[in-house]
Amino acid sequence: MYQRQKQELRQQTSAHLAQTMTILSMSADEIREKIASELSVNPALELTDERICPTCHRLLPDNGICPNCCTLKSEDEESIVFVSPRDDFAVENYAVHSELSHEPDMDSAQHEDLPTYVLRQIGPDLEDDEKMIAAYLLTSLDEDGFITSSVLEIAQYYHVLPSKIEEVIQLIQHADPLGVGSRNPQEALMVQIQHLSGLIDIPDKTLDVIRDSYDLLIHGKYREISKIHDLTTKQINTIEKFIGENLNPYPGRAYWGEKGIDNNVDNNTYHFPDILIYYLNDNPKNPLVVEIIMPISGNLKVNEFFKRESKNAPEDKVEEWKNDIDRASLLIKCLHQRNNTMVRLMEVLVDLQGNFIRYGDSNIVPITRAQISKLLDVHESTISRAVANKTVMLPNKKVVPLSAFFDRSLNVRTIIKDLVKEEKKPLTDAKIVEVLTGMGIDIARRTVAKYRAMEGILPAHMRNSANLR
DNA sequence: CTATGGCACGGATT
DNA sequence: AATCCGTGCCATAG
C-alpha cells in the first residue's frame, strides 16, 4: 500500500521530469504546435484572453509591455531579458506579403534580403502555388545561396511533382545573383556558364570540364583533366583563370558578401527565431533587449469550470477527467519552468557574449555549455537542452542557432576570413598560421585549412584576388 | 621541396 | 554513450 503510493509518486515525478526536459529542448514553433494539439484534445486546458506577463505573471497593460520586466531596473543596466508572448509570427506571410509586381532595382537590393530580392524578379512568372514553393526554397537557402533540402522532400510536402520543383529552381537559378538555388558550387558554375555563353568568350570546353571533372579541377589535378578532355595544361589554366575572374561558386555570398553583410537566411530550417535580441529603441548605445518568444497570446491555464465540474463527474469519467487536469497543470508548469530557465540562460549569455552580439563574430569568446551549467548551478544536460533547437535573431538581423554562442572557433575563422579579404597576394595556410601566432592565436596549419574550407575560401593557388563580379 | 587535402586518432564536449 | 574538433601523418600535385 505504502509501496504503491511511493511508486506512483515516483512515476509521476519521472513523467514530470521527462516532460520538463522535452519541453525545454523544444523550439518556439514546436511549443506552439504542442500547445495547439494539447488544447484540442484536453478539455481541462484553457487559453484565455487575459494578457499576463509570462515572465512575472502580472497582468499586462494594453500595450502588452510588462512594466515590471520590460524596463530597466536601473540606469546602468546592460540588458533586459524577458519572455514575450507573441503569436504574430505568421510563417507564410513572409513571401506572400512582399508584393511581387515591382521591378527589381539595384538600390533596394542592398536593403532587402536575398529571398525577397530574388522573389521579386521571378514573381511575375510564377503561378500561385509556385510562389509558395519558391518562397520555401528561397527562405531555406544556406548562407552560400544553396538549396539544402532535397527536391523529393519538398515535392512530397507540397504534393506536387518533383519536376515542378525543378522548374521553379531553374527560374531561381537564372535570377540575379546568377546561380542561387543551386545545390553546390558545381551546379552554380554551370548555370553561370550557360547564361554567359554568347555574351562573352568562354574558353574551350570550360563547361565540359566543370560538368565532368569538377572534383579534379578543385583539387588542381591538371594531369588527369588534360587526359580526359584532351587539353593542354595551359588551356586548363586559362579555364581556371576564367572561372576565377568571371564566375562565382558561391552566388549567395558573392552578392551579399561583397558588401560585407552575409544574408540572414537560417541554414537548416525556415523557422522563425525563438529569441530576439535588439538594441533598446534601436540605438546601439542603449542596452540590449532580449525577447524570448512564447508563441501564444493570452493566458494558458487550467479551466476552472472544468475543474469544478469534475468533482461530480460520472463514474466512468472520473479517472479520465482527473488525468486531463493533471496533464494540463503539468504542461503549464513545464512551460513556466522553460521560461525561467531560458531567461536565466540568456542573462548570462548576453553578459558573456555581449561583445559578440554587438560587435560581431570576431568578438565571440569561446565558452562551453558545461561552464554555463556551473554558473547557473544546473546540470549540464539542462543547458544542452535549453540551447538545442533554438535560433536567435541578432541586432544585425542575422538569424543564428543559439549554439553559435558556443562556437569555439568562430572568432578565429572570422579573423582568417578578414585576413584573406585584405590580402594582397594570396596567403598560404602556413603564412596564415604565422600571422595568427603573432596575434597570440596558436593553431595548427592543418586547422587553418579546415577553417578555410568551412568558410568556403578557396586554397591560395586558386584565388587570384578575383572574386568580383 | 612546398602547399594542401584525406584519413583517422584521442581528447573534449554534449 | 555519442558526437565533435583539432591535429598529426601521409599521399599527391606542382
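Quick note on labels: first sequence line is chain A, next is B, and so on, each numbered from 1. Remember, it's a predicted structure, so these values are computed and weren't measured experimentally.
Contact check for A/Ile357 versus A/Val392: no side-chain heavy atoms found under the 4.5 Å cut-off. Looking at A/Val83 and A/Asn340, their side chains never come closer than 4.5 Å, going by heavy atoms from C-beta outward. In this structure, the side chains of A/Phe356 and A/Asp361 come closer than 4.5 Å at one or more pairs of heavy atoms.
In this structure a side-chain-to-backbone donor-acceptor pair under 3.5 Å is missing from A/Arg413 to A/Tyr451. Although no hydrogens or angles enter the test, the distance criterion places no donor-acceptor pair under 3.5 Å between the side chain of A/Asn389 and the main chain of A/Ser27.
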Verdict with supporting geometry, A/Asn286 and A/Tyr278, side chain to side chain contact (heavy atoms under 4.5 Å, CB included): CA-CA 10 Å; A/Asn286 284 346; A/Tyr278 49 89; over 6 Å; no
Working note: A/Leu345 + A/Val387, criterion side chain to side chain contact (heavy atoms under 4.5 Å, CB included); need CA distance, chi angles, decisive distance, verdict. CA-CA 9 Å; A/Leu345 170 64; A/Val387 171; 4.2 Å; yes
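What separates CG of A/Leu410 from C1' of C/dC4 is a distance of 16 Å, to the nearest Å. Look at NE2 on A/His461: it is 17 Å from P on B/dT2, rounded to the nearest Å. The separation between A/Ile457 atom CD1 and B/dG5 atom C1' is 16 Å, rounded to whole Å. In this structure, A/Asn411 places its CG atom 10 Å from P of C/dG6, rounding to the nearest Å. When the P atom of B/dA3 is taken as reference, atom CG of A/Leu458 falls 18 Å away, rounded to whole Å. Atom CD1 of A/Ile416 and atom P of C/dG6 are 10 Å apart (whole Å).
A/Val400 and A/Leu394 make their closest contact through CG2-CD1, 4.1 Å (heavy atoms, listed as atom of the first residue, atom of the second, distance).
If you check every strand for non-hydrogen atoms under 4.0 Å, A/Arg385 touches nothing. Here A/Ser409 lies in heavy-atom contact (under 4.0 Å) with sugar-phosphate atoms only.
Near-neighbour residues of DNA chain B inside residues 430-447 of chain A, defined by a heavy atom below 4.0 Å, number-ordered: A/Arg445, A/Arg446.
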Each nucleotide of nucleotides 9-14 of chain B classed B (base within 4.0 Å of a protein heavy atom), S (only sugar-phosphate) or -, in 5' to 3' order, makes ----SB
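Between C/dG6 and A/Tyr451, a contact under 4.0 Å exists linking OP1 or OP2 to a side-chain N or O.
No more than 12 heavy atoms of other residues, nucleotides or ligands sit less than 6.0 Å from atom CD of A/Glu78.
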